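Have a look at the structure below, then the notes.
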Amino acid sequence: MAKVTFSKMHGTGNDFLVLDGVNHDLPSELPVLAQKLSHRRFGVGFDQMLIIRPSETADFKMEILNADGSQVEMCGNGIRCVAKYITDHELSDKKELTIETLGGLIRPKLIGDLVEVDMG
């Protein structure tokens with residue numbers, strides 16, 4: 001399995017593993033990796049894996065994998081963490097991002113150290 005660099009974050013009770021697929025090549029077996037790493041005793045433990053990738057239609061694309069490896073459309077706390085990661089790691093200096101998700105385009109706004117998301 002390929003070497004993967006990740007960051008662990010949390011947002012309002014959910015904990016996430018964030019992978020930067022913008023600056024790093026990621027392995028193709030991410031669902032299997034999610035299952036292994038999410039284990040709370042034998043992995044790093046998390047609720048969902050958040051993958052940031054380049055997008056052709058938005059600033060970034062976010063993919064979300066549950067701990068069992070299944071993919072989901074959207075997570076409000078997750079997109080807030082992704083927006084914070086993007087800002088903290090200087091992937092963008094925009095105060096309002098457009099992020100492509102399976103649930104559509106989401107536009108998180110950075111307000112100081114906080115992230116606001118209108119979930120509709």
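Position 1 is the first residue of the sequence; numbering continues from there. Treat the numbers as computed from the prediction; the structure is a model and nothing was measured.
- A side-chain donor-acceptor contact under 3.5 Å links H89 to the backbone of Y85.
- V44 and L26 fall within a single hydrophobic cluster, where Ile, Leu, Val, Met, Phe, Trp and Tyr side chains are chained together by heavy-atom contacts under 4.5 Å.
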Step by step, work out the side-chain contact (heavy atoms from CB on, under 4.5 Å) result for L30 and L19. CA-CA 10 Å; L30 287 177; L19 303 180; 3.7 Å; yes
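- Atoms CD1 and SG, from I106 and C75 in turn, are 11.0 Å apart once rounded to the nearest 0.5 Å.
- The shortest side-chain heavy-atom distance between V115 and T87 does not fall under the 4.5 Å cut-off.
- Side-chain contact between I86 and M62 is absent, with no heavy atoms from C-beta onward closer than 4.5 Å.
- With sequence neighbours left out, R53 forms a side chain to side chain donor-acceptor pair (under 3.5 Å) with E63.
- Aromatic ring pairs are classed by plane angle as parallel below 30°, tilted from 30° to 60° and perpendicular above 60°; the pair F42 and H39 is tilted.
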Under the side-chain contact (heavy atoms from CB on, under 4.5 Å) rule, what do I51 and Q71 come out as? Steps first, then yes or no, please. CA-CA 11 Å; I51 302 106; Q71 193 169 27; over 6 Å; no
Between side-chain atoms of residues 95-103 and protein atoms elsewhere (two or more places apart, or another chain), which donor-acceptor pairs fall under 3.5 Å?
| from | atom 1 | to | atom 2 | distance (Å) |
| --- | --- | --- | --- | --- |
| E100 | OE1 | S55 | OG | 2.5 |
| E100 | OE1 | T57 | OG1 | 3.4 |
| T101 | OG1 | G103 | N | 3.1 |
| T101 | OG1 | G104 | N | 3.2 |
| T101 | OG1 | G104 | O | 2.7 |

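- Without hydrogens or angle criteria, S70 side chain to N66 main chain gives no donor-acceptor distance under 3.5 Å.
- The 12-atom threshold is exceeded at CG of N23, counting heavy atoms of other residues, nucleotides or ligands nearer than 6.0 Å.
- Looking at every heavy atom in both residues, F46 comes nearest to L17 through CE2-CD2, 3.5 Å.
- Smallest separation of non-hydrogen atoms from G69 and A34: CA-CB, 4.3 Å.
- A donor-acceptor contact shorter than 3.5 Å links the side chain of Q35 to the backbone of D68.
- Inter-residue side-chain proximity for F16 and I64 is flagged as unmet; no heavy-atom pair is nearer than 4.5 Å.
- Residue P31 comes nearest to L65 through the heavy atom pair N-CD1, 3.8 Å, listed as atom of the first residue, atom of the second, then distance.
- Side-chain contact check for I79 versus M74: some heavy-atom pair is nearer than 4.5 Å.
- Put simply, V18 and V72 are part of the same group of oily side chains (I, L, V, M, F, W, Y) that touch within less than 4.5 Å, one to the next.
- Closest approach of V22 to P54, counting heavy atoms only: CG2-N, 4.0 Å.
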